[in-house]
Each structure stands twice: as C-alpha cells, then as structure tokens.
Amino acid sequence: MTEPGKRVDPADWSAFRRAFHDLADQCVDRLESARNLPWIPKPDDMARAVALRDAEPGADAATVFSELAQGIMPYATGNTHPAFFGWVHGTGQPAGVAAEMVAATMNANLGGRDHGAIEVERAVIDWTRRQAGLPQSASGILTTGTSQATLLALCAARMRLMGDDVRRDGIADLGRIRVYAVEGAHYSIAKALEIMGHGSRAVRYVAQEAQGAMDLRALAAAVDDDRAAGIRPMAVVGTAGAVDTGLFDPIDALADFCAAEDIWYHVDGAFGFWAVLADTPWCDLMRGVGRADSIATDFHKWIGAPYDCGLCLMADGDLHRRSFATRPPYLEGMEDGLGGGSLWFCDYGLDLSRGFRALKVWATIRAVGRARLADSITDNCRQAALLGSLVTQSSQFDLVRPVQANVCCFAPRNADAGALATALQLSGEAVFSTTRVDDRTCLRAAIVNHRTTDSDVRTAFAALERQAAAQ
Ligand SMILES: *Cc1c(COP(=O)(O)O)cnc(C)c1O
C-alpha cells in the first residue's frame, strides 16, 4: 500500500509517540516497584505467544508495545529484585535503561569511523583503566562480557609468546602451550583456548591453598614441570572473585611471579575487579591489579549496567592493536571526515559492527557517581559478611568457605540445598543458586545488588531456615 522508503517507519508518528510514552511509563513503573516484583515463572504457553508467523501483518505500535509490556517484560530472570542473590546477575541501573533508548535512537556503529559515540566508549575505558591503575598507554575495548574479553586477552598473550606471524601462520607448527588458573576458575578460560585451537587441556588447574586461593608453590612447580616437558607457559590467570566461592587469588603476588617468570598475567575480574572501588579491607584484595598485562571484567554484574557489557583492558596498547587490526581497502582510514579518527575499535577485537554498549555504562557512572557505586559495592561485601555470620550462628547450615568479599557459600546440614533454593524461588522470597564445593551441594549467594538491604539478607536467611526446618 505504501511507497518505497515509506513502508517501514510508523505510518502515524503521533500514535507511535503516545504508545512510546506509555511504554516508557510502564518501564519506569517496573523499575520503581522492583521490590514488589520477584522472579515469576513464565506462562506455559509463552513460546506459542511469542512465535513469529510469516502470514501475520505488521502490528501498530500500541499493540506491539503492549505485548512488550504485558507479554514479555514480567518474565525475566528476576535479578532486578533486591533479594536476588543467584549466580552473579547484575541488577540493572535506571539511567542505563534510558541510555539504551538513546543508543538505539542514534544507532551508531562503533566498529570505527570518527564520531561522538567513539569518544564515549573511550571515556568509559579510560575511567576503568584509572580505577585499575594501568598505565596511560594501556588500551581497552568493550565486549559482550568477560568470556569474550578473556579470548581477546589470551590472543594477545599468544602474540607476545609466538610473535606476530602467528596471525598468518596459525599454530599447527607451534608446540603446546599452557595457561594456568586456580582450580574452580571460570570455564571461559578453557573455552577461549578451545576456540583458539589449543584445546581445553591447555589449561592447567593449580591447586588451592587452605583458604581456596591459588597455591603459589603449586603454580611454580607446575610451570617448571611444563617447561621440562617442552610445554611453553603462555599465561597465568589470576581469578579475582571465583564464580563458585567468590575467593580471590593473591593478585599482587601473582604479578611478582609472572614478572619473574616472564609470563603474561591476565586477571579474570568479571565481578571481583570492582572490589577496587570498595573500602578496606575489600579493596586490598585487588592490590597489584594495575600490574596485569590484561584484565577482563564486566559492567553487567557488579556495576549493574543493563546486559550486556564487558571490558578487556591491556597494558600494551600497541600489542593489543597488532593482535586484531585488519583493514581491507573499503575500511582504509581517511585524514578527515567520517572515515577519519585514529581509534577504530574494530582494530582491537573480534567484531567489525559494534553497538553503543558504552552509553549505558557511561550514563550509569555519570548518574550514580564513583562514590555511591563504591558505597554500594562496600554494602554488598558487608551484607555477604552478615550472611556469613548468620550461617555460622545457625545450627542448620555450615559455611563451606570463608566470605572474602560478596559471595557466601554454605551447605545445609540436614536438608537438600537444591530443594531449598527452588522453594524460595517459587515462593518469591529470594533467589539463591547452588553449586558444589568439597563434594557438598551448597547454597550460594553472590550479592552484586544495589537494591539489597541488610534486612533483605536477614529475611531471606530466615526463610531458608524455616524451609530447612520444614523439610
Ligand atoms: C561471569 C564470569 C565470567 C564470564 O563472564 P561473562 O560476562 O558471563 O562472559 C568469567 N569469570 C568469572 C569469574 C565470572 O564470574
């Protein structure tokens, strides 16, 4: 019915505007009432309700937006609720929601070219670089998350070990390499090595010392052992906040070790990196992180920027660029105009087309400010410690690892951890997740939630005790 160029945009902009305003109100309502909206299961017929049918004509904005608000928005992971402690799910930041709307409106492609959005990503990277204490010559790029950031970091580590020709020649003629990480380190490290062609056995898991951090003597022995067998150490990964137990490797001591052994030092700080902002003693866990060759972290976990956004920082910005830069003729830079600019992010990572992830992070930091972000992170550490002390005082649970920062792992003495977690999720009282530590199934709270109060922690634990007694 409509002409080319007019088929797709809204036919009636005023109706679109009204529906959009109404939708914005419903989003803000949801944000404001997060405390009353715990996780709820999705409807049984949701798959059918959202299925896309070829024969269906396009719907008007009011219809589509009401489907978004009523049919989809309520059925998320529940991590916007203050008693959500499961996995490590960020809570989301209201300013980030508004920024997502602006980012989508601009629809900028941050693969390269010279435009304002690039400056915003640069500002986010620079701010984080300063929190890390990396030198000004360091570089960075926003990624989907820490998994992708880890892949980028390990590719750069390989370039340093093997030389720049590895990009052209591949690894077929190169011998075996090794990456060291603590037992229980995140699977994204092994996955990166699978993708890179080395296989997951290229990761050597180093034993934990009594407190659960990487045992440095075991690390030194593993490196010696590999070298004697002709396997080249490529990187050591320091875990800042293990995903199961929340424990931190000795970040500064690992920097000493890597410097002495001339091995690339990568820090997986997906959530734990942000302890840099916390008060003592928690910020001490991150002392020395500025000595890393690379750092991977997420903005979607403890900073709470809406999903998804991670970051890879590298101390050697030139090596970082050489690891990924490729410019076919159609992307050659210009002196001036849109084709200009010296920083093209496509030279620093996997993606050529890149969205404006930076804006929701920028808006979050701008709206909340460093000091309040830091206080909120400190609150979470105190709340995990509070939970740890409630567990210790309880006759029904054992603390299975010390609480170092924001994660508390504990096992029921006489009840089933999985059943307890499920019961609380279904009752809407709280979300804990489970894991296995020392062959016991444990409940696990990872508090990265800026809405959580001490009373939420007490209430959630009381609900657990009640359930455990009833089981
Ligand atoms: C979440 C997490 C990852 C993976 O990060 P994504 O952003 O989910 O890709 C890696 N390491 C640790 C310690 C994590 O908690």
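In listed order, ligands and their atoms are each counted from 1.
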Handout entry: Test of proximity, Asp268 against ligand 1: N or O pairs below 3.5 Å
Key =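 Yes, at least one N or O pair falls under 3.5 Å.
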
Handout entry: Any N or O of Thr146 closer than 3.5 Å to N or O of ligand 1
Key =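 For ligand 1, there is an N or O atom that lies under 3.5 Å from one belonging to Thr146.
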
Using a strict 4.0 Å cut-off to heavy atoms of [X], name the atoms of ligand 1 that fall inside it.
X	result
Phe271	15 (O)
Ser188	10 (C)
His300	7 (O)
Val243	15 (O)

Closer than 4.0 angstrom, basic N to acidic O: yes or no for [X] and [Y]?
X	Y	result
Arg217	Glu209	no
Arg122	Asp126	no
Asp293	Arg160	yes

Handout entry: Ser147, portion touching ligand 1 at heavy-atom distance under 4.0 Å
Key =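 It is both parts that get close, each with some atom under 4.0 Å.
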
Handout entry: Asp298 contact mode with ligand 1 (heavy-atom cut-off under 4.0 Å)
Key =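 Answer for Asp298: side chain.
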
Practice task
Could you establish whether Gly310 and ligand 1 come within less than 4.0 Å of each other, counting only heavy atoms on the residue side?
Solution key: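 Contact absent.
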
Problem - Close approach of Lys301 to ligand 1, heavy atoms, under 4.0 angstrom - result: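 Contact check Lys301 vs ligand 1: positive.
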
Practice task
With the side chain counted from C-beta on, respond yes when Ser139 and Tyr348 share a heavy-atom pair under 4.5 Å apart, and no when they do not.
Solution key: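 Ser139 vs Tyr348: side chains touch.
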
Practice task
Flag the pair Arg444 / Phe432 as yes when at least one side-chain heavy-atom distance between them is below 4.5 Å, and no otherwise.
Solution key: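 A side-chain contact is absent here, since even the closest heavy-atom pair is not under 4.5 Å.
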
Handout entry: Neighbour count >12 (heavy atoms, 6.0 Å) for atom CZ, Arg322
Key =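 Atom CZ in Arg322 is crowded, with more than 12 foreign heavy atoms closer than 6.0 Å.
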
Handout entry: Shortest protein heavy-atom distance from atom 12 (C) of ligand 1, along with the residue and atom involved
Key =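 Checked against all protein heavy atoms, atom 12 (C) of ligand 1 sits closest to Ala270 CB, 3.4 Å.
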
Problem - Under 3.5 Å side-chain donor-acceptor pair for Gln136 and Arg130 - result: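 Their side chains do not contain a donor-acceptor pair, so the 3.5 Å distance test is not met.
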
Exercise for the section: Going by the salt bridge (Lys or Arg N to Asp or Glu O under 4.0 Å) test, name the single residue among Arg201, Arg204, Arg232 that passes it with Asp226. Expected result: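 Single pass found, and it is Arg204.
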
